[in-house]
Amino acid sequence: MPAVALREAFAGKADVLTPDLPMHPNEALAFICELTDSEKPDLLIGNSCGAFYAQMIASTRPLPALIGNPHFRMSEFLNQRIGQHEYKSPRKDGNQSFVIDETLVGEFAALEATQFHNCNPGCRDRVWGLFGEQDTLAHFEPLFLTHYSHSFHFPGAHTPTAPEVRTWYVPLAEQLLTHYTSL
């Protein structure tokens with residue numbers, strides 16, 4: 001999984017926080033805001049829905065972000081998947097199932113309507129997008145480029161493999177860290 005690969009790649013160099021996020025988007029955003037306020041990270045990294053959150057947080061705080069395959073229309077994605085599901089990765093609380101329902105879809109739809117409202121020229125260069133050329137789920141690079149200026153590609157799919165994380169995500173994260181921690 002990408003989080004494990006990031007922790008391994010930065011072992012001994014940086015602390016990588018990979019918490020389980022709440023299912024509901026407003027709770028997840030509040031949780032990430034509290035975490036960034038208390039831990040003061042140097043960089044946000046997210047993929048898919050995590051990238052959706054990371055770009056919103058980065059536009060309200062002076063944090064650089066690397067967002068991979070951002071899914072800016074989670075409501076459309078979730079609406080096609082109403083019902084009970086299993087998380088891909090084990091969660092710390094042991095709960096492995098979740099339910100997608102109309103309420104959750106509506107919560108994402110409401111957030112999507114305002115997701116770019118805090119974008120400003122100051123965050124345009126510090127949020128970088130990484131897009132998998134084989135991604136069959138999220139095709140939002142054109143939308144990303146209407147708000148941000150740095151777009152990169154890797155040959156993978158929507159969820160990067162550990163080797164792809166090491167080859168593509170880690171070097172870009174290091175570049176962001178080098179640039180924004182030296183300012």
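Quick caveat, the model's predicted, so the values are computed rather than measured.
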- [ ] Look at atom CD of Glu133 and say whether more than 12 heavy atoms of other residues, nucleotides or ligands are closer to it than 6.0 Å.
- [x]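 Counting neighbours around CD of Glu133, more than 12 heavy atoms of other residues, nucleotides or ligands fall under 6.0 Å, so yes.
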
Open item on the list: Does Asp15, at its CG atom, have more than 12 non-hydrogen atoms belonging to other residues, nucleotides or ligands within less than 6.0 Å?
Closed with: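 Atom CG in Asp15 is not crowded, with 12 or fewer foreign heavy atoms closer than 6.0 Å.
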
Transitively linked via ILVMFWY side-chain contacts under 4.5 Å: [X] with [Y]?
{"X": "Met23", "Y": "Ile82", "answer": "yes"}
{"X": "Phe152", "Y": "Leu6", "answer": "yes"}
{"X": "Val105", "Y": "Leu137", "answer": "yes"}
{"X": "Tyr87", "Y": "Phe52", "answer": "yes"}
{"X": "Leu35", "Y": "Val16", "answer": "no"}

Strictly distance-based, threshold 3.5 Å: is any side-chain N or O of [X] a donor or acceptor partner for the main-chain N or O of [Y]?
{"X": "Arg126", "Y": "Ala58", "answer": "yes"}
{"X": "Asn118", "Y": "Thr60", "answer": "no"}
{"X": "Asn69", "Y": "Ala157", "answer": "yes"}
{"X": "Arg91", "Y": "Leu21", "answer": "yes"}
{"X": "Asn26", "Y": "His24", "answer": "no"}
{"X": "Asn47", "Y": "His158", "answer": "yes"}

[X] versus [Y]: any side-chain heavy-atom pair under 4.5 Å?
{"X": "Asp37", "Y": "Glu34", "result": "no"}
{"X": "Tyr169", "Y": "Pro2", "result": "no"}
{"X": "Tyr180", "Y": "Asp42", "result": "no"}
{"X": "Ile67", "Y": "Phe72", "result": "yes"}
{"X": "Pro41", "Y": "Leu63", "result": "yes"}
{"X": "Leu111", "Y": "Leu29", "result": "yes"}
{"X": "Thr167", "Y": "Phe154", "result": "no"}
{"X": "His147", "Y": "Gln55", "result": "no"}

What heavy-atom pair brings [X] and [Y] nearest, and what distance separates the two atoms?
{"X": "Ala51", "Y": "Gly68", "answer": "CB-O, 3.6 Å"}
{"X": "Ile32", "Y": "Tyr53", "answer": "CD1-CB, 3.7 Å"}
{"X": "Asn120", "Y": "Ser59", "answer": "ND2-O, 3.8 Å"}
{"X": "Thr146", "Y": "Leu143", "answer": "OG1-O, 2.6 Å"}
{"X": "Pro142", "Y": "His139", "answer": "CD-O, 4.2 Å"}

Open item on the list: Tell me whether the rings of His71 and Phe140 are parallel (<30°), tilted (30 to 60°) or perpendicular (>60°).
Closed with: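 It falls in the tilted class, 30° to 60°.
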
Straight-line distance of [X] [atom1] to [Y] [atom2], nearest 0.5 Å:
{"X": "Arg73", "Y": "Gln115", "atom1": "CZ", "atom2": "CD", "result": "5.5 Å"}
{"X": "Trp128", "Y": "Ser149", "atom1": "CH2", "atom2": "OG", "result": "9.5 Å"}
{"X": "Leu44", "Y": "Leu66", "atom1": "CG", "atom2": "CG", "result": "10.0 Å"}
{"X": "Phe77", "Y": "Ser48", "atom1": "CZ", "atom2": "OG", "result": "6.5 Å"}
{"X": "Thr161", "Y": "Trp168", "atom1": "OG1", "atom2": "CH2", "result": "11.5 Å"}
{"X": "Ser75", "Y": "Gln80", "atom1": "OG", "atom2": "CD", "result": "10.0 Å"}

Open item on the list: Pair Glu174, Phe10 - check side chain to side chain contact (heavy atoms under 4.5 Å, CB included), show working.
Closed with: CA-CA 10 Å; Glu174 289 172 336; Phe10 284 103; 3.9 Å; yes

TODO: Taking the six-membered ring for Trp and the full ring for Phe, Tyr or His, determine whether the centres of Phe144 and Phe131 are under 6.0 Å apart.
DONE: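 Between Phe131 and Phe144, which both carry aromatic rings, the centre distance is below 6.0 Å.
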
- [ ] Carefully, step by step, assess Arg7 and Val4 under the rule side chain to side chain contact (heavy atoms under 4.5 Å, CB included).
- [x] CA-CA 5 Å; Arg7 281 195 311 267; Val4 172; 3.4 Å; yes

